[in-house]
J.: 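There's a structure below that I have some questions on.
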Amino acid sequence: MTMSYLRFFFLICVVFGASIAHAVTFGEVAEESGIHFTHTDGESGKRLFNEQYGSGGGFFDYDNDGYLDIYLINARSQGEQPDAAPPTNVLYHNNGKGSFTDVTRVAGVGDTGYGVGATTGDYDNDGDIDLYVTNFGPNILYRNNADGTFTDVATSAQVADAGWGTSCAFADFDNDGFLELYISNYAKYTIDADKPCHRHDIPVYCGPSSYPPQPDLFYYNNGDGTFTDLTEQSGLLNAPASHGLGVAIGDSDNDGDADIYVANDQDFNFLFQNRGDGTFEEIGLLSGVSCSDMGEAEAGMGVTFEDYDNDGRLDITVSNFQNETNTLYHNEGDNFFIDTTIPAGIAEHTHRYLGWGIGFFDYDNDGYKDIFVANGHTMDNIAEVDRSTTTPQQNLLFRNLGDGRFKDVTAQMGEGFALLKTSRAAAFGDYDNDGDIDILVTNWNQTVDLLRNEGGNRNNWIQVKAIGAKSNRSAIGARVKVVAGELTQYAEVKSSGSYLAFSDLRLHFGLKDAENIDLLEIRWPSGIVDTGTNLSVNQWFIAVEGEKIVSE
């Protein structure tokens, strides 16, 4: 084979691979799917400090029927005259045919508080996914009753904190089989103490430095349906209180226990290393993940852990304020990360956007995790003080090129990415079970978007539902390795990431054109390792700890 022919063959492969990726588009299908939800921030008309941050939601299978349902969070009125029928959080049941039904009233999850974020996990190990909701005000723990209904047990479980919770997550930090709860808190603020802020004599929303930060919370699971606040004993208070917005939990140092990364708003970000004895040490600055490459604290919003280059180590991406760029940290091992934002091609495309929800996911099933970012400004009148930007902004999608670089492919992604809204949270999951990942996006004082992936399943894939036995039932913290031909991938089951949102607990792996799974390995939090070999592609697998991995 001549050199010229090799070059021609390589060019054809590159063009063909690009055409496959660009054949994927996203359509916005919320309304046609039966999701009729509009967020409200309370609409006081006073630009109250807590109104600008929006609220979240996500995907979870609350009734174990194999289809992802959707929970969306809303906020009550903060005006002088409360609404006769206050806004509520909403639960949509997935009918399995591409449509959803509002089951909020029957399920009993229509909280009327000032909602912010949420997470999911089977905290009592009874086989059903429970739901924790953070509020500006008392938080909610909805225990799943396994009959389509939930009961708020936050008070009896001792997790009804009345501060201002934002992102939150379940994780088993001591690998005892029970899920702990981490809550990121924002600021010590009350409506009565609200103060006006101005920019060039124009009324605007205040920034985070206007109010003191509120410390985060760490609740230990006692194993009997209750939790104990161990925030102080865990060492988390050794770090300065900061304005926390995003939380990601994963085993960043590969030592077998879960670590915590917190994105803080105009404060240094935290990386809490799990010492394995019930305490944590904050190592963000030493690890290179606390600030920008210029040593400056940024306005961190959303964050997630994932292994984007398939080297077996969890990397980090953080969404930040406009003119700061989003940040991509590559995990070098030994608790050290390198800021690769510029060489990865992320900086030049994100500096003019204000990012919130963020996530790694393989939208085209090529075996490499891509990056989605939800964007939107905090000021509803930003055009009056800064004509270079707008309040609604376009969301972004970066394709992982497999060599450490990403390419902005937003313009090729169809109508779902042509929308201009003021976005906040983003969640990821295959809600229609067609083999590719869809996106749920919440928007500030606007309708929600359900972005259906159309064409990602042209490449092969598998999904893995892990069920713990000795480990926690949700299998949160389980690490899965998939070897298929030349591809080796890693992922952890997690309830954290993005911003105020929760995503499918099932793990999804794109396989490109591989026609066989050589190895599927699961390392459970308990230390047990299960494996499956010579498995077929394009199907769902159920992995029960200690048992044979089977197709669903």
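Quick note: numbers below take in every heavy atom, side chains included, and nothing from hydrogens, waters or symmetry partners. As the structure is a computational prediction, the values presented were derived from the model and not from experiment.
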J.: Determine whether Y53 and V116 make a side-chain contact, defined as any pair of heavy atoms from C-beta on separated by less than 4.5 Å.
T.: no

J.: Donor-acceptor pair, distance only, cut-off 3.5 Å: does the side chain of N457 make one with the backbone of D434?
T.: yes

J.: Would you check, one step at a time, whether the test side chain to side chain donor-acceptor pair (under 3.5 Å) holds for D63 with H93?
T.: CA-CA 9 Å; D63 57 353; H93 176 260; 2.8 Å; yes

J.: Working to the nearest 0.5 angstrom, can you tell me the gap between T112 OG1 and R76 CZ?
T.: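 One finds 7.5 Å between OG1 of T112 and CZ of R76.
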
J.: Apply side chain to side chain contact (heavy atoms under 4.5 Å, CB included) to Q394 and list each qualifying residue two or more places apart in sequence or on a separate chain.
T.: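 Partners of Q394 under the side chain to side chain contact (heavy atoms under 4.5 Å, CB included) test: Y353, T410, L420.
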
J.: How close do A297 and D267 get, counting heavy atoms only, and between which atoms?
T.: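 Looking at all heavy atoms of both residues, the closest pair is CB-C, 3.7 Å.
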
J.: Tell me if the centroids of the rings in H377 and F321 come within less than 6.0 Å of each other.
T.: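 So the answer is yes for these two rings.
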
J.: Closest heavy-atom contact between Q446 and K421?
T.: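 Of all heavy-atom pairs spanning Q446 and K421, the closest is OE1-CB, 3.5 Å.
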
J.: Using a 4.5 Å cut-off on heavy atoms from C-beta on, say whether the side chain of F305 contacts that of I316.
T.: yes

J.: Please enumerate all residues that pass side chain to side chain contact (heavy atoms under 4.5 Å, CB included) together with N453, with sequence neighbours excluded.
T.: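 By the side chain to side chain contact (heavy atoms under 4.5 Å, CB included) rule, N453 matches V24, F26, Y363, D436, D438.
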
J.: Which heavy atom of L68 sits nearest to which heavy atom of F100, and what is that distance?
T.: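 Closest approach of L68 to F100, heavy atoms only: O-CE2, 3.6 Å.
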
J.: Hey, what do you get for CG (L440) to CG (D504), rounding to the nearest 0.5 Å?
T.: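 So the CG of L440 and the CG of D504 are separated by 12.0 Å.
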
J.: What's the separation between atom CZ in F428 and atom OG1 in T304, rounded to the nearest 0.5 Å?
T.: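 With rounding to 0.5 Å, CZ (F428) is 8.0 Å from OG1 (T304).
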
J.: With a 3.5 Å distance limit and no angle check, can you tell me whether S167 reaches the backbone of L245 through a side-chain donor-acceptor pair?
T.: yes

J.: Are N269 and Y261 linked by a side-chain donor-acceptor pair shorter than 3.5 Å?
T.: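 Result is yes, a qualifying pair exists.
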
J.: Apply side chain to side chain contact (heavy atoms under 4.5 Å, CB included) to the pair L72 and N89, showing each step before the final yes or no.
T.: CA-CA 6 Å; L72 296 167; N89 300 347; over 6 Å; no

J.: Taking C-beta and beyond as the side chain, do I249 and F173 meet within less than 4.5 Å on heavy atoms?
T.: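 Yes, side chains in contact.
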
J.: Salt bridge check, D430 against R506: does any charged N sit closer than 4.0 Å to a carboxylate O?
T.: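 D430 and R506: not salt-bridged.
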
J.: When the aromatic ring centroids of F372 and F417 are compared, is their separation below 6.0 Å?
T.: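 When the ring centroids of F372 and F417 are compared, they turn out to be within the sub-6.0 Å range.
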
J.: How long is the straight-line distance from CZ of F59 back to CG of L450, given to the nearest 0.5 Å?
T.: 5.5 Å

J.: So do the side chains of T231 and P215 get within less than 4.5 Å of each other, counting heavy atoms only?
T.: no

J.: Would you call D380 and R47 a salt bridge, taking side-chain N to carboxylate O under 4.0 Å as the test?
T.: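 Yes, this pair counts.
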
J.: Using modelled atom types and a 3.5 Å cut-off, is there a donor and acceptor pairing between side-chain atoms of D216 and backbone atoms of N185?
T.: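 Pair found, side chain donor or acceptor close to backbone of N185.
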
J.: Check the pair S209 / Q266 against side chain to side chain donor-acceptor pair (under 3.5 Å), numbers first and verdict last.
T.: CA-CA 8 Å; S209 60; Q266 294 187 12; 4.7 Å; no

J.: In Å and rounded to the nearest 0.5 Å, what is the CG to OH distance from L271 to Y329?
T.: 10.5 Å

J.: Quick check on the 6.0 Å ring-centre criterion: do F227 and Y123 meet it?
T.: yes

J.: When rounded to the nearest 0.5 angstrom, what is the spacing between OG1 in T390 and CD1 in I382?
T.: 9.5 Å

J.: Run the side chain to side chain contact (heavy atoms under 4.5 Å, CB included) test on S292 and T327 for me, step by step, so that the C-alpha distance in whole Å, both residues' side-chain angles and the decisive distance to 0.1 Å come before the verdict.
T.: CA-CA 8 Å; S292 73; T327 308; 5.8 Å; no

J.: Could you check whether any side-chain N or O of Y182 sits under 3.5 Å from a backbone N or O of S496, counting only pairs where one atom can act as donor and the other as acceptor?
T.: no

J.: Using a 4.5 Å cut-off on heavy atoms from C-beta on, say whether the side chain of L131 contacts that of F502.
T.: yes

J.: Is it true that Y308 and F406 have ring centroids separated by less than 6.0 Å?
T.: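 Judged by ring-centre distance (under 6.0 Å), Y308 and F406 do meet the cut-off.
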
J.: For D69, give me all partners under side-chain hydrogen bond (donor to acceptor under 3.5 Å, both in side chains), at least two apart in sequence or on another chain.
T.: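 For D69 there are no side-chain hydrogen bond (donor to acceptor under 3.5 Å, both in side chains) partners, ignoring immediate neighbours.
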
J.: Is there a side-chain contact between N331 and D315, using heavy atoms and a 4.5 Å cut-off?
T.: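 Touching, per the 4.5 Å side-chain cut-off.
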
J.: Looking only at heavy atoms, what is the nearest atom pair of Y431 and S33, with distance?
T.: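 Residues Y431 and S33, closest heavy atoms: OH-OG, 4.4 Å.
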
J.: Checking side chain to side chain contact (heavy atoms under 4.5 Å, CB included) against T350, which of N320, N323, N326, I371 comes through?
T.: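 That would be N326.
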
J.: Going through the distances and angles, do I73 and L500 end up as a side chain to side chain contact (heavy atoms under 4.5 Å, CB included)?
T.: CA-CA 9 Å; I73 301 168; L500 308 182; over 6 Å; no

J.: Looking at the rings of Y189 and F136, which for Trp means the six-membered one, are their centres under 6.0 Å apart?
T.: yes

J.: With a 4.5 Å limit on heavy-atom distance, are the side chains of N445 and T422 in contact?
T.: no

J.: Using a 3.5 Å distance criterion without hydrogens, assess whether the side chain of S184 forms a donor-acceptor pair with backbone atoms of C168.
T.: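 Checked: no pair found.
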
J.: Judged by atom type as modelled, is there a donor-acceptor pair below 3.5 Å linking the side chain of E180 to the main-chain atoms of F218?
T.: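 Not confirmed, E180 side chain does not pair with F218 backbone.
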
J.: Testing the basics here: between I476 and T120, what is the closest heavy-atom pair and its distance to 0.1 Å?
T.: CD1-O, 4.1 Å

J.: Under 6.0 Å from the ring centre and within 45 degrees of the ring axis: does the NZ or CZ of K195 meet both conditions for the six-membered ring of Y211?
T.: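 Cation-pi check for K195 and Y211: passes.
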
J.: Can you give me the closest heavy-atom contact between T391 and W444, atom names plus distance?
T.: CG2-CZ3, 4.4 Å

J.: Does CD1 in I202 sit with more than 12 non-hydrogen atoms of other residues, nucleotides or ligands closer than 6.0 Å?
T.: yes

J.: Is a side-chain donor or acceptor of T341 paired with a backbone partner of A347 at a separation under 3.5 angstrom?
T.: no

J.: Let's go through Y67 and N433 carefully: what are the C-alpha distance in whole Å and the side-chain angles of both, what is the deciding distance for side chain to side chain donor-acceptor pair (under 3.5 Å) to 0.1 Å, and is it a yes or a no?
T.: CA-CA 7 Å; Y67 288 94; N433 283 349; 4.6 Å; no

J.: Taking the side chain from Q52 and the backbone from Y205, do they hold a donor-acceptor pair closer than 3.5 Å?
T.: no

J.: Evaluate side chain to side chain donor-acceptor pair (under 3.5 Å) for H351 paired with E324, printing each intermediate quantity in order.
T.: CA-CA 6 Å; H351 75 279; E324 290 181 337; over 6 Å; no

J.: Between Y499 (side chain) and T166 (backbone), is there a donor-acceptor pair under 3.5 Å?
T.: no

J.: Taking the side chain as every heavy atom from C-beta outward, state whether V247 and V303 have any atom pair closer than 4.5 Å.
T.: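 No - every pair of side-chain heavy atoms lies 4.5 Å or more apart.
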
J.: Does the side chain to side chain contact (heavy atoms under 4.5 Å, CB included) test come out yes or no for S474 and S495, once each step is laid out?
T.: CA-CA 9 Å; S474 299; S495 71; over 6 Å; no

J.: Under the 3.5 angstrom rule, does the side chain of N94 hit a backbone N or O of I70 as a donor-acceptor pair?
T.: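 No, the answer is negative, given that no donor and acceptor are paired below the 3.5 Å cut-off.
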
